[in-house]
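Quick notes on the structure that follows.
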Number of protein chains: 2
Amino acid sequence: MVDNVNTTENQIFEAALKVFHKKGLAGARMQEIANEAGINKSMLHYYFRNKEQLFAQVFMKSYKRFMETILPTLNEQNTWEEKIPGIIEHYANVMQTNPHLAMFVINELRQSPQEFINIVKTNSFLDSVLITQLREAIQKGQIRPVHPIQIWITLISGIIFPFIAQPMIKATIGTDESVWDNFIADRKRLMADMVINYLKVF
Amino acid sequence: MVDNVNTTENQIFEAALKVFHKKGLAGARMQEIANEAGINKSMLHYYFRNKEQLFAQVFMKSYKRFMETILPTLNEQNTWEEKIPGIIEHYANVMQTNPHLAMFVINELRQSPQEFINIVKTNSFLDSVLITQLREAIQKGQIRPVHPIQIWITLISGIIFPFIAQPMIKATIGTDESVWDNFIADRKRLMADMVINYLKVF
DNA sequence: GTCTATAAGGTGATAGAC
DNA sequence: GTCTATCACCTTATAGAC
């Protein structure tokens, strides 16, 4: 399937992406996807055989958006200190553009068959430039000796979780859109500052 | 309904808690809950009328476990600096005891009716002792001037997210249980150190 | 309170005309 | 490729015997 072409197949796929992201595998209805696409329900089976296979394709695509898009940022030609704000910015953008993405991937992965878990293993960030850079800086005594993977998890936790918990946070700080935007702006600055500060000052 | 009594009603409720946590509202089946409880399916309707009302009760109970249990820790008679490791420890324990809890609450809250969102508003941590303490310390110039709410979100993000993303993390660092335990132990130390360090050193 | 049987409606999937 | 009609199954919910 070729992207960005307005074929029936692509229209269905985009609709499926939207509905599965919002409702999950169990909550999504083939009829709802058909309605969203403005296309007859039979066409879903014609192009994707059944719900299971349609979901599998949606999940793969979503996983790529969620994980693989970060790799270029991790492997850029700059210092680890420059990479950190870049990573934060990247994930904040992904989440803002697609608010259900992270939740969808993480949630479906909980009970998915091994098939899906395997694609996680084959897309590790462990051998990225960032991790290597942090490891080297630790060896040279330039930064605090922490597992680089802990730094990585700290970064993505601090950015992704607030988006996942968005409904709860908004109920607390206020539902106004500008309040949320300020919150996220603060969040990005804080996480970058805090992690860099922690690594350097010891 | 009284807790910890082995009535039919409680057996059903505990089974429902388990199944809903794992499968979510859309994925859970009344028959599966009945099987889990070892009780006839008709009894579910006898005691809880329908799936919707059973779910509502399960959600309320879960939300309390997820949020309200933290309030005592936030209001303890100690300094903010002592509270931070306490909060981290508390949430790590909650997540370890009930690995599906956070995901369930956050996930169902995404599309839940206003009814559920309202209980978030009425259980705010904004007026907790911790937040007050941080605000006062900022006014006195003792710690870095950051929104106390950002500190709070940083703490819970850094602990809850790793448990939510557990399948992905395990696929990366290894599925061995001792590896995971070490990872969490490191995580708890790192988050406490990093946040306290950031607030004090400026 | 507990059980069996069954109704009532929803949902994925296919057959077959065009 | 696209549509309508329809099947087969699943799931919630209830009626009614005990």
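Below, chains carry the letters A, B, ... as their sequence lines are ordered, and counting in each starts from 1. Just so it is clear, the values below take in all heavy atoms, side chains as well, and ignore hydrogens, waters and symmetry mates.
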(message) When you compare the side chain of A:Asn107 with that of B:Ile164, does any pair of heavy atoms fall below 4.5 Å?
(response)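 With C-beta onward as the side chain, the pair stays apart.
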Looking at the side chain of [X], which of [options] is the nearest nucleotide?
X: A:Lys41; options: C:dT2, D:dA13, C:dA13; value: C:dA13
X: A:Arg29; options: C:dA13, D:dT12, C:dT11; value: C:dT11
X: A:Met30; options: C:dG1, C:dA13, D:dT12; value: C:dA13
X: A:Tyr46; options: C:dT2, D:dG1, D:dT14; value: D:dG1

Separation of atom [atom1] in [X] from atom [atom2] in [N], rounded to whole Å:
X: A:Met43; N: C:dG12; atom1: CE; atom2: P; answer: 17 Å
X: B:Asn35; N: D:dT11; atom1: CG; atom2: C1'; answer: 13 Å
X: A:Leu54; N: C:dG12; atom1: CG; atom2: P; answer: 11 Å
X: A:Leu44; N: C:dT11; atom1: CG; atom2: C1'; answer: 13 Å
X: B:Gln31; N: D:dT11; atom1: CD; atom2: P; answer: 9 Å
X: A:Ile12; N: D:dG1; atom1: CD1; atom2: P; answer: 11 Å
X: B:Asn40; N: D:dC18; atom1: CG; atom2: P; answer: 17 Å
X: A:Gln53; N: C:dG12; atom1: CD; atom2: C1'; answer: 14 Å

- Message: Please determine whether any donor N or O and acceptor N or O are separated by less than 3.5 Å between the side chain of B:Ser42 and the base of C:dT4.
- Response: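 Donor-acceptor pair under 3.5 Å: yes.
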Taking the six-membered ring for Trp and the single ring otherwise, decide whether the centroids of A:Phe116 and A:Phe59 are under 6.0 Å apart.
->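 A:Phe116 vs A:Phe59: aromatic centres under 6.0 Å.
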**Request:** For A:Ile138 and A:Arg144, work out which heavy atoms get closest and say how close.
**Result:**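 Minimum heavy-atom contact is CG1-O, 3.6 Å.
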Distance alone, cut at 3.5 Å: any donor-acceptor contact between the side chains of B:Lys83 and B:Gln133?
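Yes - a donor-acceptor pair under 3.5 Å links their side chains.
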Please determine whether a side-chain nitrogen or oxygen atom of A:Thr8 lies at a distance below 4.0 Å from atom OP1 or OP2 of D:dG1.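 No.
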For C:dA13 and A:His45 - does any side-chain N or O of the residue sit under 4.0 Å from the phosphate oxygens OP1/OP2?
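Result: yes.
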* How would you label the contact of B:Ala28 with the nucleic acid (heavy atoms, under 4.0 Å): base, sugar-phosphate, or nothing? ->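 B:Ala28: backbone/sugar contact only, no base atoms under 4.0 Å.
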- Task: Flag yes if more than 12 heavy atoms outside B:His147 fall under 6.0 Å of its NE2 atom; otherwise flag no.
- Result: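 Open: at most 12 neighbouring heavy atoms sit under 6.0 Å from NE2 of B:His147.
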